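The structure appears below as structure tokens.
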2 protein chains.
Amino acid sequence: MKDKNAEAKKIVNELLVDIFNRILIIEAEYMKKQNVKLSMNEIHVLEAIEKVEESSMSNIANKLHITVGSLTTAINTLYQKKYVVRDRDSEDRRKVIIKLTDLSYEVLKKHDLFHEQMIDSIFKELNVGEDKVLIESLRNLSSFFNR
Amino acid sequence: MKDKNAEAKKIVNELLVDIFNRILIIEAEYMKKQNVKLSMNEIHVLEAIEKVEESSMSNIANKLHITVGSLTTAINTLYQKKYVVRDRDSEDRRKVIIKLTDLSYEVLKKHDLFHEQMIDSIFKELNVGEDKVLIESLRNLSSFFNR
DNA sequence: TTCAAATATTTTGAATTTCAAAATATATAT
DNA sequence: ATATATATTTTGAAATTCAAAATATTTGAA
């Protein structure tokens, strides 16, 4: 049986693939232009540390979907470059808590600005109430990944 | 000045980041479950070869936003595993044209199915005409990357 | 209390992916 | 003819990742 939305679906798929393929490259170029010396990978580590509830190694690695071992090497270089410090949790001394330095907050401010501009570009031609459709669609896509 | 859409924008940004962070992992799990032995990286190379107009090394690398040198190593292993063959362009013998084998088309069929299910999950609760809003939003985001 | 099991992290060794620059081959234009 | 441009591969190095082993600390049961 034919799908009446076939054409729209094809377009949405192509747009998503295109966006997905380009976002990292564009974001990296933008950050470089802002004089940020870190890779997108490193920036995403900082972002995860900022967003996660308790910034232990396990929690951060979990948020990033990488192993704790991989995170250790990432944190090692970020520590060397003075973007993070390591603290022991006083309650449970097995846990290492990662804290961001001011250097990191500068980077994250620039990163947030990029995302703001990106989101503004989506909203600029949206009419009242249309944001609901967009949010619902993205929620459906996100929950598709939960099964 | 306050932005009346501030809350909606925040939600859209979080959804996009979440989708972006998870899609590759979920897609990789799916392909593995379908008994595909290739990495997502390798699958995306096959996808680019299929989609590009003329599948020369330069065109493919361009589509993937990687250097031709990087592509050469990727094609080397895909050739070894019998997913592609190399042809010389008879018009211009500098060009190497990459062709997919049947093994690749099997993989791409499974990959397409994943994307179909993904897109269906977006459309399942969309009413008539609402797909226009979604397409317009994604188009705006995509063209934000063009500046 | 004490010690085995569980949990948190780091270390190690290897694979994959990537790049820039040099090398090679072919085509084009003067 | 030959210099220049274009297409690709090779080379050497860096970044990112993983799994498994090693280390440190906590927890729970005897």
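Numbers restart at 1 for each chain; the letters A, B, ... are given by sequence-line order, proteins then strands. If you're wondering where the values come from, they're calculated on a predicted model, not measured in any experiment. Atom set for the values below is all heavy atoms of this structure, side chains included, hydrogens, waters and symmetry mates excluded.
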- Message: Under 4.0 Å between a side-chain nitrogen and a carboxylate oxygen: does that hold for A:Glu42 and A:Lys81?
- Response: yes
Residues at least two apart in sequence or cross-chain that pass salt bridge (charged side-chain N to carboxylate O under 4.0 Å, His left out) with B:Glu130, listed by chain then number, are none
Lys/Arg-Asp/Glu bridge criterion (N-O < 4.0 Å) met for A:Lys33, A:Glu29 = no
From CD1 of B:Ile66 across to C1' of C:dA20 the rounded distance in Å is 14 Å
Between A:Ser39 and D:dT16, is there a side-chain N or O to OP1/OP2 distance below 4.0 Å?
yes
The reported gap from CG in A:Leu64 to NZ in A:Lys51 (rounded to nearest 0.5 angstrom) is 11.0 Å
A correct 5'-to-3' footprint of nucleotides 3-14 of chain D, with B, S and - meaning base, sugar-phosphate only and no protein heavy atom under 4.0 Å, is --BBSSBB----
Is the ring pair B:Phe114/A:Phe144 parallel, tilted or perpendicular, if the boundaries are 30 and 60 degrees?
tilted
* For the residue pair A:Ile122 and B:Leu16, establish whether any side-chain heavy-atom pair is separated by less than 4.5 Å. => yes
- [ ] Using a strict cut-off of less than 4.0 Å between a Lys/Arg side-chain nitrogen and an Asp/Glu carboxylate oxygen, indicate whether A:Arg22 and A:Asp18 qualify as a salt bridge.
- [x] yes
Numerically ordered, the residues 22-37 of chain B set in heavy-atom contact under 4.0 Å with DNA chain C is none
* To do: Indicate if B:Val17 and A:Leu138 have the same hydrophobic cluster label, given that clusters are the connected sets of ILVMFWY residues with side-chain heavy-atom separations under 4.5 angstrom.
  => no
Atom CG of A:Asn62 and atom C1' of C:dA8 are separated, to the nearest Å, by 13 Å
- prompt: Are A:Thr67 and D:dC18 close enough that a side-chain N or O sits under 4.0 Å from OP1 or OP2?
  reply: yes
